[in-house]
Amino acid sequence: MNLDSLQHLPNGKKIYFASDFHLGAPDAEQSLIREKKIIRWLDSIADDAHAILLLGDIFDFWFEYKTVVPRGYVRFLGKLAELQDRGIHILLFTGNHDMWMFDFFPKELNIPVIKAQPISLQINGIKMMIGHGDGLGPGDKKYKFLKKIFANPFCQWCFERLHPNLGIGIATRWSQGSRLQNADFDEQFLGEDEWIFAYCKEIEAENHHDYYLFGHRHLPLNLKINENARYYNLGEWFKHCLYGEFDGKRLELKNFESETQLITN
């Protein structure tokens, strides 16, 4: 998919955004319930979707060996293939839990993968900055150090030498432990100290965007940066089940089978 195809939204069509499905967590049974809900959401938007952008941590853990990918998620992967075949543009961003996406999605599903940094898009004249959100803004130095290790090609090569049963088992336990360790923090709204919010304000001071849209923070946020710019966070799909809907003029966050209230300023 060429990102230029998103610059002009056809009449009656919309662009949808979601993040932090964390498929695979906390166990196969609960993940399957959430996976089926996500598929219901995808079915509900399919008729008017021009594009669907998934902003990272779609999987609680993902690593691609040359001939092996993590087991499961067949309903979700099949639905993505179906929507892509219907001509709906799909774009995947990596998150901190699934940064090890390589060529599986582009080769098998014809779905591009955006790694690491946020991107700027201009759609119908509306400018947006979009990404997962991990490692942005001040603070979180421990994670930023770990991210450099995890993103290092040599470290990835070393991990690939492990048998998948061992490698995926170790990484899955690490991922689950990280999420549980940060569970309390994920529920706290930090106000002006929200790291991604601070990052958005820094960018806005140099380069205006109408909307900043991220995941990573497991809080549903709608924060005013200035009179002409807002920061939205999509939360997660364990309980919030939010998605973004852009109709060519306005970006809104909406609930799917939930009653989440946005944190606003």
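For this chain, numbers begin at 1 and follow the sequence in order.
The two atoms that bring Gly215 and Ile196 nearest to each other are O-CD1, 3.7 Å, heavy atoms only. Here the closest non-hydrogen pair linking His209 and Ala229 is O-CB, 3.2 Å. Counting all heavy atoms, side chain and backbone alike, Ser31 lies closest to Gly24 at OG-N, 2.7 Å. Across Glu194 and Gln188, no two heavy atoms sit closer than the pair OE2-O, 3.7 Å. Shown here for Ala51 and Leu6, the closest heavy-atom pair between the two residues is CB-CD2, 3.5 Å. Among all heavy-atom pairs drawn from Phe17 and Ile130, the shortest one is CE2-CD1, 3.7 Å.
Taking the side chain as every heavy atom from C-beta outward, Met101 and Glu64 approach each other to under 4.5 Å. In this structure the side chain of Cys158 reaches within 4.5 angstrom of the side chain of Phe154, judged on heavy atoms. When side chains are defined from C-beta on, Phe63 does not count as touching Val69, because their heavy atoms never get closer than 4.5 Å. In this structure, Leu80 and Leu54 have side chains that are in contact, with non-hydrogen atoms separated by less than 4.5 Å. Using a 4.5 Å cut-off on side-chain heavy atoms (C-beta onward), Ile225 and Arg230 make no contact. You'll find the side chain of Phe159 reaches within 4.5 Å of the side chain of Tyr65, heavy atoms only. Looking at Leu23 and Asp60, their side chains never come closer than 4.5 Å, going by heavy atoms from C-beta outward. A heavy-atom distance below 4.5 Å is not found between the side chains of Pro220 and Leu253.
The aromatic rings of Tyr243 and Tyr16 sit tilted relative to each other, their planes meeting at an angle between 30° and 60°. The aromatic rings of Phe21 and Trp237 stand perpendicular to each other, their planes meeting at an angle above 60°, with 30° marking the opposite boundary. Relative ring orientation between His218 and Phe238 is described as tilted, the plane-to-plane angle lying within the 30° to 60° band. Note on ring orientation: taking the six-membered ring where Trp is involved, the planes of Trp62 and Phe105 are tilted (angle from 30° to 60°).
Taking CG of Leu9 as the start and CZ of Phe246 as the end, the distance is 7.0 Å to the nearest 0.5 Å. Expressed to the nearest 0.5 Å, how far OG of Ser258 lies from NZ of Lys239 amounts to 11.0 Å. With rounding to the nearest 0.5 Å, the separation of CG in Leu234 from CZ in Arg217 is 14.0 Å. The structure places OH of Tyr231 at 16.0 Å from OH of Tyr211, a figure rounded to the nearest 0.5 Å. Taken to the nearest 0.5 Å, the CG atom of Leu121 stands 7.0 Å off from the CG atom of Leu53. In this structure, CD in Glu35 is found 6.0 Å from CZ in Arg75, a value given to the nearest 0.5 Å.
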Practice problem: Carefully, step by step, assess Phe76 and Ile38 under the rule side chain to side chain contact (heavy atoms under 4.5 Å, CB included). | Solution: CA-CA 8 Å; Phe76 175 68; Ile38 292 163; 4.0 Å; yes

Self-check item: Trace of the salt bridge (Lys or Arg N to Asp or Glu O under 4.0 Å) decision for Arg86 with Asp47
Solution: CA-CA 10 Å; Arg86 287 178 58 173; Asp47 287 342; 3.4 Å; yes

Practice problem: List the steps, then state whether side chain to side chain contact (heavy atoms under 4.5 Å, CB included) holds for Glu236 with Ser19. | Solution: CA-CA 6 Å; Glu236 41 70 19; Ser19 181; over 6 Å; no

Practice problem: Starting from the C-alpha separation in whole Å, work towards a yes-or-no answer on side chain to side chain contact (heavy atoms under 4.5 Å, CB included) for Lys14 and Ile45. | Solution: CA-CA 9 Å; Lys14 299 176 181 179; Ile45 66 173; over 6 Å; no

Exercise. Report the C-alpha distance between Phe102 and Phe104 in whole Å, list the side-chain angles of each, state the deciding distance to 0.1 Å, and finish with yes or no for ring-ring contact (aromatic ring centres under 6.0 Å, His included).
Key: CA-CA 6 Å; Phe102 303 120; Phe104 174 79; over 10 Å; no

Exercise. Would you sort out whether Arg250 and Glu245 count as a side chain to side chain contact (heavy atoms under 4.5 Å, CB included), showing the intermediate values?
Key: CA-CA 8 Å; Arg250 184 182 177 191; Glu245 178 183 289; over 6 Å; no

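Following chains of ILVMFWY side-chain contacts shorter than 4.5 Å, one cannot reach Leu32 starting from Leu77, and the two form parts of different hydrophobic clusters. Under the 4.5 Å side-chain contact rule for hydrophobic residues, Ile52 and Phe256 share a cluster.
The closest side-chain donor-acceptor pair between Asp210 and His208 falls under 3.5 angstrom. Side chains of Asn96 and His132: a donor-acceptor N/O pair is present below 3.5 angstrom, by distance only. With hydrogens and angles left out, the side-chain atoms of Asn233 and Tyr212 include no donor and acceptor closer than 3.5 Å.
Formation of a donor-acceptor pair under 3.5 Å by the Gln30 side chain with backbone atoms of Ala25 is not found in this model. A donor-acceptor pair under 3.5 Å links the side-chain atoms of Asp98 to the main chain of Ile58, judged by distance alone. Checking side-chain atoms of Thr94 against main-chain N and O of Met99 turns up no donor-acceptor pair under 3.5 Å.
Under the 6.0 Å distance and 45° angle rule, Lys201 counts as a cation-pi partner of Phe197.
Crowding of Arg161 atom CZ: a count of heavy atoms from other residues, nucleotides or ligands under 6.0 Å exceeding 12. Summarising the local packing, CD of Glu29 is surrounded by 12 or fewer heavy atoms from other residues, nucleotides or ligands at distances under 6.0 Å.
At a threshold of 4.0 Å, the pair Asp43-Lys79 counts as salt-bridged, since one of the basic side-chain nitrogens sits closer than that to a carboxylate oxygen.
The salt bridge (charged side-chain N to carboxylate O under 4.0 Å, His left out) test with Glu257 is passed by exactly one of Arg34, Lys36, Arg40: Arg40.
Centroid-to-centroid, the aromatic rings of Phe61 and Phe59 stay 6.0 Å apart or farther.
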